[in-house]
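The shown structure was predicted, so the numbers you read here are calculated from the model rather than taken from an experiment.
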Amino acid sequence: QVSAALKEGRVTPTELCQRCLSLIKSTKFLNAYITVAGETALKQAEESEKRYRRGQPLGVLDGIPIAVKDNFNTAGIETTCASNMLKGYISPYNATVVQKLLDQGAVLLGKTNLDEFAMGSGSTDGVFGPVRNPWSYSRQYKEKSVPKSHSEDEESDWVITGGSSGGSAAAVSSFTCFAALGSDTGGSTRNPAAHCGVVGLKPTYGLISRHGLIPLVNSMDVPGILTRCVDDAAVVLGSLAGHDPKDSTTIQDNFKTFELPNLTDVSKFSIGIPKEYHAPGLSSEILSLWSKAADLFKNAGAKVIEVSLPHTRYSIVCYHVLCTAEVASNMARFDGLEYGHRSDMNKSTESMYAATRREGFNDVVRGRILSGNYFLLKQNYENYFIKAQKVRRLIANDFVKVFGSGVDILLTPTTLSDAVPYVEFIKEDNRTRSAQDDILTQAANMAGLPAINVPTGLSERGLPVGLQFIGQSFQEKQLLTVAKWFEKQVKFPMIQLEVKRHDHGAFQHQKSASFS
Amino acid sequence: QKVTVEVLDHLEHLALVDFRDAEGVERLQKAIQFADQLHEVNTDGVEPMDSVLEDRCLYLREDDVTEGNCTNELLKNAREKVEEYFVAPPGNIPLPKLEERETFLQGS
């Protein structure tokens with residue numbers, strides 16, 4: 001919608017950019033952004049405006065404000081991964097996905113907050129502090145809150161965004177940008193998408209380039225896309241997907257961009273409901289929503305069948321071992337010599353490295369590095385690392401069997417419950433939380449499959465709840481088509497944000513939520 | 001079984017990251033316990049999986065130089081440098097042994 005508005009001249013890219021920047025200021029308390037690149041964004045918006053005036057926009061994304069998670073390299077803009085290790089690091093290059101968006105004319109507003117090095121499921125463990133879920137400040141949540149005495153601080157019951165791409169999800173959810181990039185290794189895009197009521201797409205591994213995405217787990221990481229509707233996600237996917245010679249894990253097949261058909265008849269589809277996703281701890285609200293969704297498809301004529309992915313419950317353990325092992329390797333590059341933080345310790349190379357890493361990494365990162373090194377020790381390699389790789393194959397095979405039996409798409413919950421208040425969340429440590437929260441999203445990363453969170457409804461506390469669709473490798477078109485149909489059926493409500501503005505009510509809050 | 005101090009020390013050497021306190025060691029213990037659940041799964045005859053793209057061929061490109069000449073940009077991010085060199089403190093000096101090192105493990 002906004003793209004059409006830009007084309008018709010109803011709004012200009014610079015106006016759009018300024019509104020977004022001003023909204024970012026008003027919503028600073030959300031702590032969604034680490035770096036706001038105001039000046040460069042306005043310049044990009046001006047360039048875009050010139051193109052529109054000439055009648056030559058670069059495409060649908062020209063002039064559209066976007067945000068990027070702070071673990072993607074952005075030339076000339078600080079990239080920190082929310083860690084002391086990279087504070088002040090100004091990247092000399094753009095990640096391929098960032099470059100692609102800029103080439104399409106998108107306006108980069110800034111870098112969003114995350115868990116340190118994308119390790120976590122709450123966006124609470126970065127050095128710049130936790131991200132607050134915009135829904136904490138919505139009328140919908142406030143109406144359902146138990147009225148508190150005046151003396152109690154209203155500030156204390158804000159809820160988390162989920163993670164680790166919490167900043168990106170919050171940015172999209174609070175209308176400060178129209179699309180954002182996240183990363184997804186264990187659910188890091190879909191989890192915050194569910195908690196913030198936005199669409200979170202994890203593409204098939206190998207479809208989108210990881211060049212410039214600071215790696216966590218090379219065999220599972222993918223850039224993730226966060227938008228307010230499925231159509232937008234398809235547009236962004238179209239501009240990002242495709243072979244990149246700089247990333248040898250991208251497949252060489254030609255990617256055909258697609259327009260999502262407006263599906264009205266789902267009767268040709270077979271939807272699988274994996275029974276193991278009825279995991280312990282799944283809230284009854286979400287269970288009921290999941291069940292209603294299955295009925296929705298059934299009543300529309302689709303074939304809905306229960307399926308089994310027997311190794312689901314081991315996926316999180318498997319992930320734990322493989323992730324820490326790859327992390328131990330990937331974090332080895334941070335030694336203070338070529339970039340990033342460097343300790344003053346000068347006695348020897350090793351002691352300098354050790355001191356640098358001691359000063360630069362937080363407990364979570366250090367813990368994973370040490371665990372990873374443990375699993376990779378010669379005496380443990382076979383029993384843990386190789387074992388986990390074997391279990392990974394079993395998990396991937398589970399999916400192959402189910403899809404091979406005629407199921408097209410799987411429907412599962414995305415999270416176990418709606419967003420919890422921050423004060424509750426921090427009672428447990430990062431690893432426990434991640435183990436609990438990633439259960440439903442993790443397996444898709446193991447198998448490299450595409451998956452998407454579609455906001456489905458509001459919980460009793462007035463917070464968003466989403467459902468996840470998992471598709472077959474490289475079948476994003478089918479996945480998004482079904483997701484779009486579902487989105488239309490559930491009509492997820494728009495957030496009614498209560499935010500004080502900087503400009504004195506001069507403009508009406510942008511009603512259009514989507515840009516396509 | 002608990003992890004021995006020797007192994008903990010070895011890990012600190014390998015990772016060049018320290019446990020910092022009892023919580024750090026406890027974290028590792030819990031991680032190992034968690035990972036032990038893997039042994040419940042029967043993986044007889046199963047090949048380890050390295051990558052989901054294993055069915056595709058890794059491809060090569062021509063050995064031609066396509067980018068480079070960015071010395072200045074790369075050096076910008078380093079703290080200690082001399083001309084076109086990154087400067088490191090003297091190497092070949094191993095991390096001090098457990099007894100002489102400032103590490104939490106000394107107490108154990």
Taking side chain as everything from C-beta outward and backbone as N, CA, C, O, which of these in L53(B) sits under 4.5 Å from a heavy atom of chain A? Side chain, backbone, both or neither. side chain
Which atoms of N383(A) approach chain B - backbone, side chain, both or neither, heavy atom under 4.5 Å: both
What part of N42(B) lies closer than 4.5 angstrom to a heavy atom of chain A: side chain, backbone, both or neither? backbone
Heavy-atom closest pair, residues A31(B) and F375(A): O-CZ, 3.9 Å
Check whether any side-chain N or O of R392(A) sits under 3.5 Å from a backbone N or O of V52(B) as a donor-acceptor pair, and report yes or no. no
Pair Y59(B) and H243(A), ring centroids less than 6.0 Å apart: yes
Identify which part of F34(B) has an atom lying under 4.5 Å from any heavy atom of chain A, answering side chain, backbone, both or neither. both
Applying a strict 4.5 Å limit to non-hydrogen atoms, the region of L75(B) in contact with chain A is neither
First locate atom CZ of R79(B), then atom CD of E338(A), and finally report the distance between them rounded to the nearest 0.5 Å. 14.0 Å
Ion pair present between R56(B) and D253(A), side-chain N to carboxylate O less than 4.0 angstrom? yes
Decide if the gap between the ring center of Y314(A) and the ring center of H39(B) is smaller than 6.0 angstrom. no
Has the side chain of T349(A) got a donor or acceptor atom that lies under 3.5 Å from a matching backbone atom of P90(B)? yes
Between D36(B) and K387(A) (salt bridge meaning N to carboxylate O under 4.0 Å), is one present in this structure? no
Side chain, backbone, both or neither: which part of R368(A) has a heavy atom under 4.5 Å from chain B? neither
Can you tell whether the side chains of R393(A) and E54(B) come within less than 4.0 Å, N to carboxylate O? yes
Chain A contact via E23(B) - side chain, backbone, both or neither, heavy atoms under 4.5 Å: neither
Distance in Å, L95(B) CG paired with S348(A) OG, rounded so as to fall on 0.5 Å steps: 6.5 Å
Counting only heavy atoms closer than 4.5 Å, note whether T250(A) contacts chain B via side chain, backbone, both or neither. both
I'd like to know if the side chain of D18(B) and the backbone of A354(A) have a donor-acceptor N/O pair within less than 3.5 Å. no
Rounded at 0.5 Å granularity, tell me how far SG in C57(B) sits from CD in Q252(A). 9.5 Å
Taking all non-hydrogen atoms of both residues into account, name the closest pair between L337(A) and F86(B) and its distance. O-CD2, 3.6 Å
